[in-house]
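This report refers to the structure that appears directly beneath it.
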Amino acid sequence: MSNRDSKYKKMFAAIVVLGAGLIGFNLLTPSGTVHDTKYMREQTRQTIKLAETEFIINLKHGNSLVTNYFGHQWTPMPMPIKEKYQGLLKEKLVFLRSDQTLQNYTELLTFDVYTNAAFPNCSEFLKHHARELEKKNKDGRIKILHDGEKGIIYQWITVDENNKTNYLEFGKVEMTDEGLLSVKYINKGTEDLEHQRQCAIKLFTKF
């Protein structure tokens, strides 16, 4: 046997041993390890005491902070819970610009508090909500802007033929002692959309 043949046989044997080792490692690795690691974030989420947030404290004293951040005058409107959401949605509050209506608005701010039975964590809510947004407009794009201990901040946009944003949903999801809180600022393409988006970022820190 030539030295060359011997060399190749040794290389082949080494590859076989390495392959067997990798297969054995995969068989011994518990299933779901990667999946479990991916969702470790939910175990580190903070639970916010909703009644103690700056926004709610101000709201109780008649100052919603919404006007302070977004300009214009905004009217808080507690909304009735639709029958299909009974037992899932605990509270729904909408802030509407005083010069607009629910049937014809360019900006809207919504607050939804869900029961634990509806959504036990932020990730579950966002997966569900992303599917609902896709049904609304398959051309929309969702982007996670922040995923941290105090919740998830995301935005969903659609654009026109000139690639200009004509619809924005900027949202924050966090766990509270009252249940999952979803806050959404909606803008239907106003000229100051980016400025208002920045205002939403500042307002969301008050929760």
Side-chain angles (χ1 to χ4, degrees), residues 50 53-56 58-86 88-114 118-119 122 125-126 128-146 151-174 176 178-207:
L50 191 57
T53 61
E54 186 176 345
F55 183 88
I56 298 301
N58 276 269
L59 186 59
K60 289 179 179 178
H61 290 85
N63 177 14
S64 70
L65 292 182
V66 177
T67 295
N68 298 7
Y69 282 88
F70 290 104
H72 307 288
Q73 292 295 318
W74 295 70
T75 303
M77 302 172 60
M79 304 296 289
I81 307 300
K82 294 181 179 180
E83 185 176 351
K84 66 178 181 178
Y85 295 118
Q86 293 289 336
L88 300 175
L89 186 59
K90 295 172 67 175
E91 295 181 58
K92 186 176 187 67
L93 180 65
V94 168
F95 283 84
L96 180 70
R97 277 178 44 174
S98 299
D99 59 339
Q100 299 182 356
T101 68
L102 286 174
Q103 291 71 38
N104 184 23
Y105 66 86
T106 58
E107 295 180 272
L108 192 70
L109 195 63
T110 69
F111 297 81
D112 297 312
V113 179
Y114 292 89
F119 299 107
C122 297
F125 170 84
L126 203 56
H128 171 81
H129 190 55
R131 289 194 294 266
E132 293 299 307
L133 290 172
E134 187 176 358
K135 290 178 185 177
K136 183 185 298 185
N137 189 328
K138 64 179 181 180
D139 295 323
R141 300 194 296 266
I142 191 167
K143 182 178 182 181
I144 305 299
L145 302 179
H146 176 73
I152 300 174
I153 295 178
Y154 69 92
Q155 70 177 20
W156 185 80
I157 65 171
T158 62
V159 298
D160 60 20
E161 62 276 7
N162 298 315
N163 206 35
K164 180 180 179 181
T165 301
N166 56 17
Y167 189 96
L168 162 74
E169 177 179 308
F170 188 83
K172 181 177 183 181
V173 187
E174 63 184 12
T176 79
E178 300 289 335
L180 183 138
L181 171 66
S182 167
V183 187
K184 298 187 281 285
Y185 167 70
I186 296 170
N187 187 302
K188 294 184 177 180
T190 63
E191 289 297 324
D192 59 349
L193 182 148
E194 179 55 30
H195 175 266
Q196 296 297 75
R197 190 181 78 91
Q198 294 297 324
C199 292
I201 294 174
K202 295 174 182 177
L203 176 66
F204 287 2
T205 64
K206 303 303 176 183
F207 291 92

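By the neighbour-count criterion of 12 heavy atoms within 6.0 Å, atom CD of Glu191 is sparsely surrounded, having that number or fewer from other residues, nucleotides or ligands. Enclosure of atom OH in Tyr167 by more than 12 non-hydrogen atoms of other residues, nucleotides or ligands within 6.0 angstrom is indicated.
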| field | Steps toward salt bridge (Lys or Arg N to Asp or Glu O under 4.0 Å) verdict (Arg131, Glu134) | value | CA-CA 5 Å; Arg131 289 194 294 266; Glu134 187 176 358; over 6 Å; no

| request: Go through Glu174 and Lys172 one step at a time and tell me if the salt bridge (Lys or Arg N to Asp or Glu O under 4.0 Å) criterion holds. | output: CA-CA 7 Å; Glu174 63 184 12; Lys172 181 177 183 181; 3.3 Å; yes

| Can you check side-chain contact (heavy atoms from CB on, under 4.5 Å) on Lys206 and Thr53, steps first, answer last? | CA-CA 6 Å; Lys206 303 303 176 183; Thr53 61; over 6 Å; no

| request: Report the C-alpha separation of Leu193 and Lys188 in whole Å, then their side-chain angles, then the decisive distance to 0.1 Å, and conclude whether the side-chain contact (heavy atoms from CB on, under 4.5 Å) test is met. | output: CA-CA 8 Å; Leu193 182 148; Lys188 294 184 177 180; over 6 Å; no

| Pair Phe95-Tyr185, ring pair (Phe, Tyr, Trp, His ring centres under 6.0 Å): steps then yes or no | CA-CA 9 Å; Phe95 283 84; Tyr185 167 70; over 10 Å; no

| task | Step by step, work out the side-chain contact (heavy atoms from CB on, under 4.5 Å) result for Glu107 and Leu109. | result | CA-CA 7 Å; Glu107 295 180 272; Leu109 195 63; over 6 Å; no

| message | If you apply the rule side-chain contact (heavy atoms from CB on, under 4.5 Å), what do you find for Ser98 with Trp74, and how did you get there? | response | CA-CA 5 Å; Ser98 299; Trp74 295 70; 5.7 Å; no

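His72 and Thr67 make their closest contact through O-CG2, 2.9 Å (heavy atoms, listed as atom of the first residue, atom of the second, distance). Residues Arg141 and Asn163 share a closest heavy-atom pair of NH2-OD1, 4.5 Å. For the pair Ile81 and Lys92, the tightest heavy-atom approach, listed with the atom from each and the gap, is CD1-N, 4.0 Å. Heavy-atom minimum distance, Leu50 versus Leu181: CD1-CD2, 3.9 Å.
When side chains are defined from C-beta on, Ile56 does not count as touching Asn58, because their heavy atoms never get closer than 4.5 Å. Residues Phe55 and Leu203 are in side-chain contact: their nearest non-hydrogen atoms beyond the backbone lie under 4.5 Å apart. Side chains of Ser182 and Phe111 form no contact here, defined as non-hydrogen atoms less than 4.5 Å apart. Residues Val183 and Thr110 have side chains not in contact (no heavy-atom distance under 4.5 Å, counting atoms from C-beta outward). Within the 4.5 Å cutoff, no side-chain heavy atoms of Leu89 are placed close to those of Val113. A 4.5 Å side-chain heavy-atom check between Leu93 and Met77 finds every atom pair outside the cut-off. With a 4.5 Å cut-off on side-chain heavy atoms, Leu168 and Ile186 do not count as touching.
Taking 4.0 Å as the cut-off between side-chain N and carboxylate O, Lys184 and Glu169 do not count as a salt-bridged pair. Salt bridge status for Lys135 with Glu132: present, with a side-chain N to carboxylate O gap under 4.0 Å.
Residues Asn137 and Thr158 have side chains that never bring a donor and an acceptor to within less than 3.5 angstrom of each other. Between the side chains of Gln100 and Thr106, at least one donor N or O sits under 3.5 Å from an acceptor N or O. Remark: the Thr101 side chain and the Asn104 side chain contain no N/O donor-acceptor pair separated by less than 3.5 Å.
Atoms CD and CG, from Gln73 and Leu96 in turn, are 12.5 Å apart once rounded to the nearest 0.5 Å. The CD1 atom of Ile201 lies 8.0 Å from the CD atom of Gln155; values are rounded to the nearest 0.5 Å. The CG atom of Asp160 sits 5.5 Å away from atom CG of Asn166, with the distance rounded to the nearest 0.5 Å.
By the ring-ring contact (aromatic ring centres under 6.0 Å, His included) test, Tyr69 is found to be paired with no residue, residues two or more places apart in sequence or in another chain being considered.
Just one of Phe204, Trp156, Tyr154, Phe70 meets the ring-ring contact (aromatic ring centres under 6.0 Å, His included) condition when paired with Phe170; it is Phe204.
A side-chain donor-acceptor contact under 3.5 Å links Asn187 to the backbone of Thr190. Under a 3.5 Å cut-off, the side chain of Lys90 and the backbone N or O of Glu178 do form a donor-acceptor pair.
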